[in-house]
Protein chains: 2
Amino acid sequence: MAKGKLRIVPLGGLGEIGKNMTVFEWGNEAMIIDAGIMFPANDMHGVDYIIPDFRYLLERKDLKIHGIAFTHGHEDHIGAVTHVIDAFPNTPIYATPLTAGLIEGKLRDAGLTEKTTVNIFKAGDKFDIGPFKLESYHVTHSIPDCVGFAINTAYGLIVHTGDYKFDNTPVDGKPPDYARIASFSRRGVMLLMGDSTNSDKTGWTPSETVIDGALDRVFRDAKGRILVATFASLISRVQQVANAAQRHGRKIAIAGYSMTRNVEIALELGHLKAPKDLFVDLNKTNNISNNKLVIMVTGSQGEPSAVLARMATGRHRQLEVEKHDTIVLSSHPIPGNEEMVSRNINRLLQRGANVIYDPIESVHVSGHARQDEMMLMLNLVKPKYLLPVHGELRHLHQHAKLAMSAGMPEDRVFVAENGRVLEIDKGGVRLGERVPGGYIFVDGSGVGDIGRVVMRDREILARDGFILVSVNVKRDSGKIIGEPEIISRGFVYLRESDELLDQVRNTIEDTLKKERNSNGRRREKLQDSLGRLFYNETKRRPMVFSIINEY
Amino acid sequence: MAKGKLRIVPLGGLGEIGKNMTVFEWGNEAMIIDAGIMFPANDMHGVDYIIPDFRYLLERKDLKIHGIAFTHGHEDHIGAVTHVIDAFPNTPIYATPLTAGLIEGKLRDAGLTEKTTVNIFKAGDKFDIGPFKLESYHVTHSIPDCVGFAINTAYGLIVHTGDYKFDNTPVDGKPPDYARIASFSRRGVMLLMGDSTNSDKTGWTPSETVIDGALDRVFRDAKGRILVATFASLISRVQQVANAAQRHGRKIAIAGYSMTRNVEIALELGHLKAPKDLFVDLNKTNNISNNKLVIMVTGSQGEPSAVLARMATGRHRQLEVEKHDTIVLSSHPIPGNEEMVSRNINRLLQRGANVIYDPIESVHVSGHARQDEMMLMLNLVKPKYLLPVHGELRHLHQHAKLAMSAGMPEDRVFVAENGRVLEIDKGGVRLGERVPGGYIFVDGSGVGDIGRVVMRDREILARDGFILVSVNVKRDSGKIIGEPEIISRGFVYLRESDELLDQVRNTIEDTLKKERNSNGRRREKLQDSLGRLFYNETKRRPMVFSIINEY
């Protein structure tokens with residue numbers, strides 16, 4: 001690739017586009033913004049989480065990666081950092097103090113601390129990553145210390161919003177840096193890369209502070225313990241609960257490894273402000289009466305292994321649902337999790353808890369801008385071109401429509417999927433080649449060893465199960481010796497269907513007799529006959545295997 | 001059971017309670033309200049649909065079932081009718097003309113027409129089912145000819161709302177029968193069984209007519225074909241699209257068997273009002289230009305086998321997405337379907353269609369009452385006791401809270417799950433015994449032959465797959481003959497992991513050598529060793545099977 005061309009390559013993200021990881025290239029010099037993970041869809045069986053497919057970077061051996069800059073500390077932006085550092089050791093990291101703290105925790109857990117350097121900057125700071133001149137600016141979201149980046153290039157400014165909402169009364173008292181954002185337009189913005197998550201919602205996302213009122217009502221009415229479930233990295237929410245606990249004279253205990261660690265880091269760095277004695281160890285709450293206690297837990301998404309789901313099914317080692325518990329779900333279901341979340345709520349109610357969730361109370365608001373805020377961003381930044389990012393294809397389309405309704409010409413708005421390169425040169429902006437930009441499954445200890453074939457097999461096994469027949473035959477006569485052995489799982493419960501078992505035995509005998517001479521293909525023939533039998537009798541298509549042993 | 005006791009037994013419903021089927025008993029005489037199906041949750045692998053578990057009725061051989069009364073023609077209220085008639089032949093059916101027409105279609109398809117009689121009544125009619133004196137009353141929902149029932153009993157009136165909203169400008173021009181509903185309170189209502197679906201939503205559900213305005217905007221702007229996706233039984237919506245098509249000079253074609261049949265029935269019975277030549281055969285649309293055509297399709301829930309999903313993935317025999325298509329999703333995702341619906345929208349956008357869905361336009365409204373309407377129902381009916389029905393446990397709780405906030409004493413509100421009997425006698429109302437009241441999976445041609453064991457196996461297979469090892473050994477020496485055969489699916493792709501294959505071979509050899517003398521348990525021991533190997537190497541737990549053949 002000739003110098004003189006700037007390329008933006010969105011990599012990874014499941015459903016969402018330009019979210020988890022984006023590469024910026026200038027000739028063969030590159031930098032990355034964010035390295036996050038996604039959670040699997042309901043039909044991605046057995047997958048723990050998903051990382052961006054950065055095969056493209058591995059193949060571009062000519063590319064010098066000068067660093068990774070992070071916008072904020074949520075999992076979908078930092079969760080894949082250990083995978084990237086593992087693949088590209090010694091790539092420097094750039095992050096604000098809280099984000100850096102959360103990243104360092106991950107690096108420590110993975111034993112990768114020595115493999116990179118973490119450079120800390122403050123919102124508003126300017127710094128270079130290779131040839132890229134970055135200018136960070138403070139935005140509001142649902143975690144403190146959150147930034148967007150303006151990138152000075154040969155063709156003008158590129159403004160990347162990161163995740164944002166315009167919250168004029170944020171929890172940490174630090175509103176968005178409007179002055180800085182507006183100043184970009186005076187310098188001429190070539191391209192805006194803008195968060196599209198809530199582009200199909202009219203109006204303005206409520207401020208995080210509306211939650212304070214809702215928490216006060218909940219704390220006032222609660223007769224026993226209060227349990228608040230939210231994301232482990234939603235530090236702003238922890239702050240709000242801490243404030244409410246102080247107002248209502250309660251102590252806070254934290255359950256769950258990741259939330260405990262994140263709270264420790266945020267307290268240490270001063271991003272969580274609370275008196276030392278507000279927090280108590282979960283193991284030392286016995287002498288605190290129920291109406292003086294708040295427990296923060298993970299599992300607001302119904303994740304089966306998180307604290308709240310284990311409580312809902314009576315599988316938690318320390319915590320049990322008690323009669324007068326008030327359980328607050330302070331988060332919205334991530335798309336695809338609605339069913340698990342509802343089930344969890346119903347189970348907690350069954351165990352006698354009072355469960356509070358939006359829309360019953362405003363105990364959660366989104367961290368992303370809605371249409372009016374997106375319009376404000378467009379008018380503050382005044383970009384020549386727009387690349388909607390963050391959100392599914394439908395959200396990108398809606399963001400594009402919004403920009404066009406505000407007068408942006410259709411040919412200056414680029415709706416592109418992951419792996420589609422955006423090229424910028426003196427001639428303007430255009431869509432370029434496609435590179436691999438999907439995602440990679442992490443399942444157990446394996447990264448990327450579960451591909452489409454295995455996933456399709458899992459789907460078939462999940463739907464109709466399998467059946468395997470092992471049969472011993474005499475080599476010379478083809479006669480069956482003894483009883484065929486049948487192993488089956490996920491198919492009808494064979495022991496209860498004697499008739500079907502008889503038919504299986506008959507089919508084996510008939511097929512082997514008929515195919516006595518078609519030596520190599522007997523096995524296939526047998527599998528075909530059995531498959532037909534099962535479909536005719538049950539209208540199901542289990543996987544069928546056979547083993548024929550000759551004596 | 002002694003006479004003098006009235007029992008209400010809610011059966012079936014997945015997540016939702018008192019929805020699909022309810023039994024009313026007076027001594028050993030009984031009647032049923034509704035017999036519907038539900039769709040499986042995401043983790044109910046391979047299940048086609050779910051019917052109420054009416055084992056209780058089969059076991060109560062003393063019970064004389066005098067009839068089944070239906071509230072309206074949606075699948076979750078009539079879809080299991082063939083299963084119930086099959087189990088209890090000659091049970092008479094009672095339904096309004098449209099509901100009866102839809103039920104008769106199902107009976108015909110299942111060859112059960114001769115096994116029952118369908119008695120048609122009109123909204124407002126009174127009729128007896130055994131000892132139960134029913135009084136039907138018109139309610140508004142999202143299908144015409146929809147009723148609730150008041151049941152005269154020895155202990156006063158029981159009012160069952162069915163599915164309802166208070167729509168003052170319904171599509172068919174027939175508002176709810178307020179006069180009749182209010183008249184019940186004068187006669188004294190013992191118990192209200194009220195729809196709770198939207199109990200966590202404040203306000204009043206918008207009238208179906210708000211959709212007309214949205215459709216007009218869509219029809220005005222569409223340059224090419226318009227495709228409208230909705231439920232096959234949402235007859236009111238078909239009427240609205242038919243009206244819009246007439247206003248904008250377009251013809252309508254219907255794709256999909258069930259929707260075609262339902263439209264034919266509704267047209268014939270006069271519940272769908274349109275000129276004969278408005279509808280055209282899908283095969284005869286060639287001479288109609290794209291901007292004069294509307295196609296109604298099924299698949300608004302992203303169901304992979306429905307018309308819209310097949311179009312989205314290019315698998316439909318007749319229909320392909322074209323560049324200027326406008327596709328309208330006139331429905332909300334049923335909980336659990338959100339992910340499939342989003343994926344479908346993204347795929348249709350990828351193929352170049354313009355996709356319109358709520359919240360982009362108000363192309364769908366709920367058919368169920370919200371809080372203000374539920375309050376109105378409570379105040380119109382003035383029941384002594386309340387049994388919230390229809391909705392998940394959380395919705396029932398919220399309905400109960402609502403009633404209590406309006407002054408109903410806590411001990412007169414009963415939140416009960418399916419299978420929990422409500423007993424009424426001169427002493428009042430109370431919760432009684434539990435009977436089986438769950439659901440039964442219908443999978444392929446099998447009804448109820450897939451139970452918890454098979455479903456759990458499918459879950460394990462879906463997560464980590466299976467591996468089977470077949471090995472031939474010498475009977476005397478225990479030595480392995482030839483190469484062990486390995487069959488595996490859904491686990492790591494073994495052909496690509498030579499190292500793991502070697503370890504498998506070594507483990508087999510080691511284990512069989514060590515366990516040479518533990519004859520009966522060799523197989524188990526081998527499976528345990530292999531399971532440990534796989535977990536250590538991959539952190540996954542596939543199902544492990546082994547076959548040991550001795551020579």
Side-chain angles (χ1 to χ4, degrees), chain A residues 15 41-43 45-46 200-202 333 335-336 338-339 342-343 345-346 349-350 355 357 359-360 392-394 397-398 417 443-446 449-451 453-454 457-466 468 470 472 485 487 489-493 496-497 537-540 543 545 547 549 551, chain B residues 15 41-43 45-46 200-202 333 335-336 338-339 342-343 345-346 349-350 355 357 359-360 392-394 397-398 417 443-446 449-451 453-454 457-466 468 470 472 485 487 489-493 496-497 537-540 543 545 547 549 551:
Chain A
N42 277 313
D43 55 359
H45 302 296
D200 59 6
K201 297 206 173 65
T202 56
E338 294 85 353
E339 206 171 311
S342 302
R343 209 181 281 179
I345 292 173
N346 292 330
L349 286 166
Q350 266 174 337
V355 187
Y357 53 99
I360 289 178
E392 300 171 31
L393 194 55
R394 59 191 178 129
H397 272 279
Q398 204 53 29
E417 297 193 68
D443 171 4
S445 65
D449 59 350
I450 297 295
V453 176
V454 171
D457 288 346
R458 286 183 182 176
E459 180 64 36
I460 297 172
L461 288 169
R463 210 163 47 217
D464 288 324
F466 79 91
L468 178 136
S470 173
N472 298 330
E485 170 154 13
I487 294 175
R489 289 293 186 281
F491 187 49
V492 284
Y493 201 53
E496 288 175 5
S497 27
E537 293 300 314
T538 68
K539 294 284 173 286
R540 292 166 199 160
M543 285 190 166
F545 306 95
I547 296 176
N549 294 300
Y551 288 79
Chain B
N42 277 311
D43 55 0
H45 302 295
D200 59 7
K201 298 205 172 63
T202 56
E338 294 84 354
E339 205 171 310
S342 301
R343 208 181 281 178
I345 293 173
N346 293 330
L349 287 166
Q350 266 174 337
V355 187
Y357 53 98
I360 289 178
E392 300 171 29
L393 194 55
R394 60 191 178 128
H397 273 280
Q398 204 54 28
E417 297 194 69
D443 171 3
S445 65
D449 59 349
I450 298 296
V453 176
V454 171
D457 288 345
R458 287 183 181 175
E459 180 65 37
I460 298 171
L461 288 170
R463 209 163 49 219
D464 288 324
F466 78 91
L468 178 138
S470 172
N472 298 330
E485 169 153 14
I487 294 174
R489 290 291 187 283
F491 187 51
V492 286
Y493 200 54
E496 288 176 5
S497 27
E537 293 300 315
T538 67
K539 294 282 173 284
R540 291 166 199 159
M543 284 189 166
F545 306 94
I547 297 177
N549 294 300
Y551 287 79

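Hydrogens, waters and symmetry mates are skipped; everything else that's a heavy atom, side chains included, is used. The chains referred to below are lettered A, B, ... by the order of the sequence lines, with proteins before strands, and numbering in each begins at 1.
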*Select, from I345(A), N549(A), N472(A), the one with the greatest count of heavy-atom pairs under 4.5 Å involving chain B.*
N549(A)

_Quick check on F491(B) against chain A: is it the side chain, the backbone, both or neither that has a heavy atom closer than 4.5 Å?_
backbone

*asked:* Working to the nearest 0.5 angstrom, can you tell me the gap between D464(B) CG and I450(A) CD1?
replied: 8.0 Å

*Engaged part of E392(A) at the chain B interface, taking heavy atoms whose separation is under 4.5 Å*: both

_Out of S445(A), A41(A), G336(A), return the one with the most heavy atom pairs under 4.5 angstrom to chain B._
S445(A)

*Taking only residues two or more places apart in sequence, or in another chain, which ones meet F466(B) in a ring-ring contact (aromatic ring centres under 6.0 Å, His included)?*
F466(A), F545(A)

_Any non-hydrogen side-chain atom of D43(A) less than 4.5 Å from a side-chain atom of R343(B)?_
yes

*Are side-chain heavy atoms of I547(B) and E485(A) found at a separation under 4.5 Å?*
yes

*Report the option among V453(B), V355(B), L468(B) that has the most heavy-atom pairs separated by less than 4.5 Å from atoms of chain A.*
L468(B)

*Minimum heavy-atom separation for L393(B) to Q350(A), with atom names?*
CD2-CG, 3.4 Å

*Who wins among A462(B), G46(B), S470(B) for the most heavy-atom pairs under 4.5 Å with chain A?*
A462(B)

_N/O donor-acceptor pair under 3.5 Å between R458(A) side chain and R463(B) backbone_ = yes

*asked:* I'd like to know which of S342(A), G444(A), G446(A) tops the heavy-atom pair count under 4.5 Å against chain B.
replied: S342(A)

*Leading residue by heavy atom contact count with chain A [cutoff under 4.5 Å; candidates P359(B), G465(B), P335(B)]*: P359(B)

*Backbone N or O of N42(B) within a donor-acceptor pair of the E339(A) side chain at under 3.5 Å?*
yes

*So which of H45(B), M543(B), E417(B), R394(B) has the biggest tally of heavy-atom pairs under 4.5 Å with chain A?*
R394(B)

*Quick check: does any side chain N or O of R540(B) sit under 3.5 Å from a backbone N or O of D443(A), one acting as donor and the other as acceptor?*
yes

_Interchain contact, I460(B) with chain A, by part (heavy-atom threshold 4.5 Å)_ = neither

_Top of K201(B), E459(B), Q398(B), E537(B) for chain A proximity - count of heavy-atom pairs under 4.5 angstrom_ = Q398(B)

*Short side-chain to backbone donor-acceptor contact, E338(B) and E338(A), under 3.5 Å*: no

